[in-house]
Amino acid sequence: MDGETIDGAWCHVWRRGPWDDRYFLEDLIVFADGAVKCEEWTDLPGLEKLLASGGIAVTQPGAAEVPAPPSKWAARYGEPLTPQGFLLEAADKVEELSGRPTAAQRCQEAIRRFRQDPGEPNRTMLREAYLAVPPHLRVFVLGDMDHQDRPLRILLTEVGEAVDGDGPVATPDMHQQALDYFHRLEQAVARAQEQREERYADDPTEAGQAAFSSLETVYPQGWPEVLGPFVLRNEYPVPVVFAGETYPSVLHAYWALSAADPRDHDRIRDAPSVREARETGARVERRADWPAARPAVMDGLLDAKFTQHPELAEILLATGDSVISYTGLSDSPFWRDAGDGRGRNWVGRLLELTRSRLVARRAFPQ
């Protein structure tokens with residue numbers, strides 16, 4: 001929006017049709033700035049009104065209700081999803097997208113404070129933080145599928161009262177066991193973090209750059225004089241010296257080297273345009289070993305192109321550590337990134353390897 005990318009997250013909801021009471025599946029998206037889109041634009045207060053009026057349903061309308069568990073204490077799943085719980089989750093997602101603490105994170109902080117000072121003020125703060133977590137997500141708040149949120153429910157139950165109304169009667173020993181659980185959990189998290197840091201010691205500490213798409217582009221009036229991302233394309237007309245031969249472009253070289261007959265090789269190499277080089281190369285007999293050799297040949301051609309033309313190398317290096325998606329329609333899905341899942345994106349992957357090799361040569365010139 002206005003040149004700025006605003007993070008969002010989506011889920012399915014049921015939306016009531018404008019002409020009748022029938023519901024249909026619709027994407028609901030919330031954004032970091034609080035905007036909400038479900039066919040039309042609104043915000044969190046607007047979403048609350050849609051939920052209250054039935055304009056949006058969070059469970060399938062008309063479906064049989066899930067029966068309540070015979071015992072809340074013994075139940076192994078979360079509370080049912082309700083419009084109120086969904087609204088809390090949507091608001092929490094906005095907090096997460098904005099980089100602010102989520103309800104679960106605020107609950108973790110309240111647990112830490114209560115462990116330091118288990119007085120009544122911190123117990124009240126912990127109870128409020130726990131209840132701020134969407135009810136259907138509370139069983140996940142500790143990230144423990146064995147104990148779920150039971151240790152929290154025990155801590156928030158007064159001594160002498162039944163946990164969840166139908167569970168065991170809370171005792172001082174049970175409260176202490178719950179506190180011991182959080183101590184063990186803290187130690188386990190710390191150990192896991194240390195192991196992760198050791199195991200992934202070479203992992204970048206900062207997030208990588210966004211993916212970069214190399215788009216197939218046509219320039220009827222000729223290629224621009226000012227260099228840009230288009231130089232990453234194999235059809236870009238720049239001489240490439242490879243294995244003692246000079247080719248007008250990487251594409252010329254690729255198709256010429258695929259030819260089994262040396263005469264076909266020369267015809268493709270000398271083709272006046274990349275289009276004629278591709279068309280001629282597609283019609284000639286290919287080397288028997290070409291399918292196995294072609295990724296390494298392409299790697300060598302890209303390395304030659306960007307090593308022999310430093311000005312082009314700067315364009316490639318400017319992509320940083322981005323994943324490079326090589327798109328288009330003229331190349332086979334083996335080489336390009338295809339949206340139907342068939343794309344192998346080998347050119348994009350080899351461009352990333354070439355980029356890494358350029359950086360390594362600067363770091364280790366010897």
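Quantities reported herein were computed from a predicted structural model and do not represent experimental measurements. Start at 1 with the first residue, then count along the sequence.
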Is a side-chain donor or acceptor of [X] paired with a backbone partner of [Y] at a separation under 3.5 angstrom?
{"X": "Asp27", "Y": "Cys11", "value": "no"}
{"X": "Thr307", "Y": "Asp303", "value": "yes"}
{"X": "Thr102", "Y": "Glu96", "value": "no"}
{"X": "His309", "Y": "Val240", "value": "no"}
{"X": "Ser322", "Y": "Phe212", "value": "no"}

With Ser330 as reference, evaluate Glu216, Arg336, Glu235, Arg233 under the side chain to side chain donor-acceptor pair (under 3.5 Å) test and give the passing residue.
Glu216
Salt-bridge present ([X], [Y]; N to O < 4.0 Å):
{"X": "Arg115", "Y": "Glu186", "value": "yes"}
{"X": "Arg123", "Y": "Glu120", "value": "yes"}
{"X": "Asp264", "Y": "Arg286", "value": "no"}
{"X": "Glu109", "Y": "Arg106", "value": "no"}
{"X": "Glu314", "Y": "Arg362", "value": "yes"}
{"X": "Glu89", "Y": "Lys93", "value": "no"}

Can Asp180 and His183 be said to form a side chain to side chain donor-acceptor pair (under 3.5 Å), step by step?
CA-CA 5 Å; Asp180 292 343; His183 178 68; over 6 Å; no
Rounded at 0.5 Å granularity, tell me how far [atom1] in [X] sits from [atom2] in [Y].
{"X": "Ile111", "Y": "Leu142", "atom1": "CD1", "atom2": "CG", "result": "5.0 Å"}
{"X": "Ser213", "Y": "Ile324", "atom1": "OG", "atom2": "CD1", "result": "10.0 Å"}
{"X": "Lys305", "Y": "Leu316", "atom1": "NZ", "atom2": "CG", "result": "9.0 Å"}
{"X": "Leu155", "Y": "Gln176", "atom1": "CG", "atom2": "CD", "result": "9.5 Å"}
{"X": "Glu279", "Y": "Glu276", "atom1": "CD", "atom2": "CD", "result": "7.0 Å"}

Can you name the nearest heavy-atom pair linking Pro83 to Val58, along with the distance?
N-CG2, 4.0 Å
Which atom pair, heavy atoms only, marks the closest approach of Leu131 to Arg138?
O-NH2, 2.9 Å
Quick one: is the NZ or CZ of Arg349 closer than 6.0 Å to the six-membered ring centre of Trp346, and within 45° of its axis?
yes
Measuring centre to centre across the rings, with the benzene-like ring taken for any Trp, is [X] within less than 6.0 Å of [Y]?
{"X": "Tyr326", "Y": "Trp335", "result": "no"}
{"X": "Tyr219", "Y": "Phe230", "result": "yes"}
{"X": "Trp14", "Y": "His12", "result": "no"}

How are the rings of Tyr247 and His265 set to each other: parallel, tilted or perpendicular (split at 30° and 60°)?
perpendicular
If the plane angle is over 60° it's perpendicular, under 30° parallel, otherwise tilted; pick one for Trp290 and Tyr254.
tilted
Keeping to residues at least two apart or across chains, list the side-chain hydrogen bond (donor to acceptor under 3.5 Å, both in side chains) pairs with something in residues 55-76.
Ser71-Asp166
Going by side-chain hydrogen bond (donor to acceptor under 3.5 Å, both in side chains), name the pairs with one or both residues in residues 35-48, residues two or more places apart or in two chains.
Arg15-Glu39
Evaluate Ser258 against Arg294 for side chain to side chain donor-acceptor pair (under 3.5 Å), listing each step before the verdict.
CA-CA 8 Å; Ser258 74; Arg294 59 181 179 165; over 6 Å; no
Using the ring pair (Phe, Tyr, Trp, His ring centres under 6.0 Å) rule, take Phe242 and His252 through it: C-alpha gap first, then chi angles, then the decisive distance, then the call.
CA-CA 11 Å; Phe242 184 79; His252 279 81; over 10 Å; no
Where do Arg184 and Gln187 land on the side chain to side chain donor-acceptor pair (under 3.5 Å) test, with the steps shown first?
CA-CA 5 Å; Arg184 294 193 304 271; Gln187 290 182 319; over 6 Å; no
Path from Met174 to Leu156 over hydrophobic side-chain contacts below 4.5 Å
no
Check: Val141 and Leu137 side chains under 4.5 Å, non-hydrogen atoms:
no
Under the salt bridge (Lys or Arg N to Asp or Glu O under 4.0 Å) criterion, do Asp266 and Arg263 qualify, and how do the steps go?
CA-CA 5 Å; Asp266 294 347; Arg263 292 170 297 181; over 6 Å; no
